[in-house]
Participant: 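My structure is below; once you've seen it, I'll send some questions.
The first residue of the sequence shown is numbered 1, and numbering continues consecutively from there.
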Amino acid sequence: GTSDPVDLDLYVPNGEWRKVLHQLVHDYGYTVDPDPLDNAYSRVTGIYHVVRYCRGACVVDLVVSMTDDSVVPIINFHSTLIMNYMSGTNIVCAYPDLTFNRRGLVNSRRLILSELDYDIISPLIKYRRRGFDLAVTLEEWEEYGKHVCGSDPNCPGTTRSFNDSHTFTVNLGSILDLVDSPRSRVVDTLIAWTLCSV
């Protein structure tokens, strides 16, 4: 089927954004929003450029990665709650044990870099109001008090990857029978990250 989004963020590799721009404008009738963005993205590491496109009430923010991997900005977001994405091949959640239980770790690396400015605090407040429990360390939740730092997949000091066994991945190709053999754990990025060594 098709989708006509009302508010969509499209993350694209640095070398591909002009192709996506062309499609949005020429194939789908979007125009560049003349109003500047509120700089919500400007402090997110990994983002090169953001342009807002509009068509009626529909808004698309074209978010251009600093690299040829469109997922790089996601690992730099404010918390694990939004370290998720959907591509043409996969639905991916980096921290399913936390996210599916309405919990999220604050990306403490971002807190250190941001000096606690509004761009970081505002989204955290929004998620708290929506009923999510946010923490800076796993020890803030009793069941994680004795976790193995650097080994527990939810620990901020553990190096993670979208290809590791702790990531929740739904392969759309296997669901839609578009491929002969399902790719159960392979996602379309090779990046790895550590939230912070705390």
Participant: Applying side-chain contact (heavy atoms from CB on, under 4.5 Å), run through F100 and C93 and close with a yes or a no.
Facilitator: CA-CA 9 Å; F100 297 163; C93 177; 4.1 Å; yes
Participant: Can you tell me how far OG1 of T169 sits from CD1 of I91, rounded to the nearest 0.5 angstrom?
Facilitator: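 Between I91 CD1 and T169 OG1, I get 10.0 Å after rounding to 0.5 Å.
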Participant: Out of curiosity, L8 CG to L62 CG, how far, rounded to the nearest 0.5 Å?
Facilitator: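 Atom-to-atom, L8:CG and L62:CG are 10.0 Å apart.
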Participant: Please check this pair: side chain of R55 against backbone of V60, looking for a donor-acceptor N/O pair closer than 3.5 Å.
Facilitator: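 Such a contact is absent between R55 side chain and V60 backbone.
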Participant: How close do N107 and L195 get, counting heavy atoms only, and between which atoms?
Facilitator: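 So the two residues come closest at OD1-O, 3.4 Å.
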Participant: Students often mix this up, so state it plainly: with edges at 30° and 60°, are the rings of F162 and W193 parallel, tilted or perpendicular?
Facilitator: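 Ring orientation, 0 to 90° scale: tilted.
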Participant: Can you measure from CZ (R103) to CG (L134) and round to the nearest 0.5 angstrom?
Facilitator: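 Going from the CZ atom of R103 to the CG atom of L134 covers 11.0 Å.
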Participant: Looking at E140 and T137, would you say the former's side chain and the latter's main chain have a donor-acceptor pair under 3.5 Å?
Facilitator: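 Present.
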Participant: Using a 3.5 Å distance criterion without hydrogens, assess whether the side chain of N14 forms a donor-acceptor pair with backbone atoms of S65.
Facilitator: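 Looks like yes, one N/O pair under 3.5 Å.
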Participant: Determine whether a donor-acceptor pair (N or O, by modelled atom type, separation under 3.5 Å) exists between the side chain of T167 and the backbone of S161.
Facilitator: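 Answer holds: yes.
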Participant: Count the heavy atoms of every other residue, nucleotide or ligand shown that sit under 6.0 Å from OH of Y48, and state whether that count exceeds 12.
Facilitator: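 Counting neighbours around OH of Y48, 12 or fewer heavy atoms of other residues, nucleotides or ligands fall under 6.0 Å, so no.
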Participant: With a 3.5 Å distance limit and no angle check, can you tell me whether D61 reaches the backbone of D9 through a side-chain donor-acceptor pair?
Facilitator: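 Looks like no, no N/O pair under 3.5 Å.
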Participant: Would you give the length of the straight line joining atom OG1 of T31 to atom CG of L24, rounded to the nearest 0.5 angstrom?
Facilitator: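 Taking OG1 in T31 and CG in L24, the distance rounds to 10.5 Å.
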Participant: Of all the heavy-atom pairs spanning P73 and I47, show the shortest one and how long it is.
Facilitator: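 Minimum heavy-atom contact is CB-CG1, 3.5 Å.
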Participant: Looking only at heavy atoms, which two atoms of C155 and H147 are closest? And how far apart?
Facilitator: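 Smallest interatomic distance, heavy atoms only, reads SG-NE2, 3.4 Å.
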Participant: Within a radius of less than 6.0 Å around CD of E142, do more than 12 heavy atoms belonging to other residues, nucleotides or ligands occur?
Facilitator: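 No.
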Participant: Which atom names give the shortest non-hydrogen contact between L124 and S79, and what distance separates them?
Facilitator: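 That would be CD2-CB, 4.2 Å.
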Participant: Can you give me the closest heavy-atom contact between V59 and C54, atom names plus distance?
Facilitator: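 Residues V59 and C54, closest heavy atoms: CG2-SG, 4.3 Å.
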Participant: Looking only at atom types and distance, does a side-chain atom of R160 sit under 3.5 Å from a main-chain N or O of P153, one as donor and one as acceptor?
Facilitator: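 Checking the backbone N and O of P153 against the side chain of R160, a donor-acceptor pair under 3.5 Å is found.
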Participant: Which of parallel (below 30°), tilted (30 to 60°) and perpendicular (above 60°) describes Y127 and H78?
Facilitator: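 Y127 and H78: tilted rings.
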Participant: Any chance you could measure L105, atom CG, to M83, atom CE, to the nearest 0.5 Å?
Facilitator: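 Those atoms lie 9.0 Å apart.
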Participant: Looking at every non-hydrogen atom in both residues, tell me the closest pair between N84 and A94 and how far apart they are.
Facilitator: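 The answer is OD1-N, 3.8 Å.
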Participant: At what distance, to the nearest 0.5 angstrom, does CG of L98 lie from OH of Y144?
Facilitator: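 Rounded to the nearest 0.5 Å, the CG-OH separation comes to 5.0 Å.
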Participant: When the aromatic ring centroids of Y28 and Y53 are compared, is their separation below 6.0 Å?
Facilitator: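 Distance test on ring centres: not under 6.0 Å, no.
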Participant: Checking side-chain hydrogen bond (donor to acceptor under 3.5 Å, both in side chains) for the pair T89/S87: CA distance, chi angles, key distance, verdict?
Facilitator: CA-CA 5 Å; T89 56; S87 70; 3.2 Å; yes
Participant: What is the ring orientation for H49 with W17, classed by angle as parallel under 30°, tilted 30 to 60°, or perpendicular over 60°?
Facilitator: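 Tilted, since the angle between the ring planes falls between 30° and 60°.
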Participant: Is the backbone N or O of N154 less than 3.5 Å from a side-chain atom of D152, with the two atoms forming a donor-acceptor pair by type?
Facilitator: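 Side chain of D152 to backbone of N154, a donor-acceptor pair under 3.5 Å: yes, one is there.
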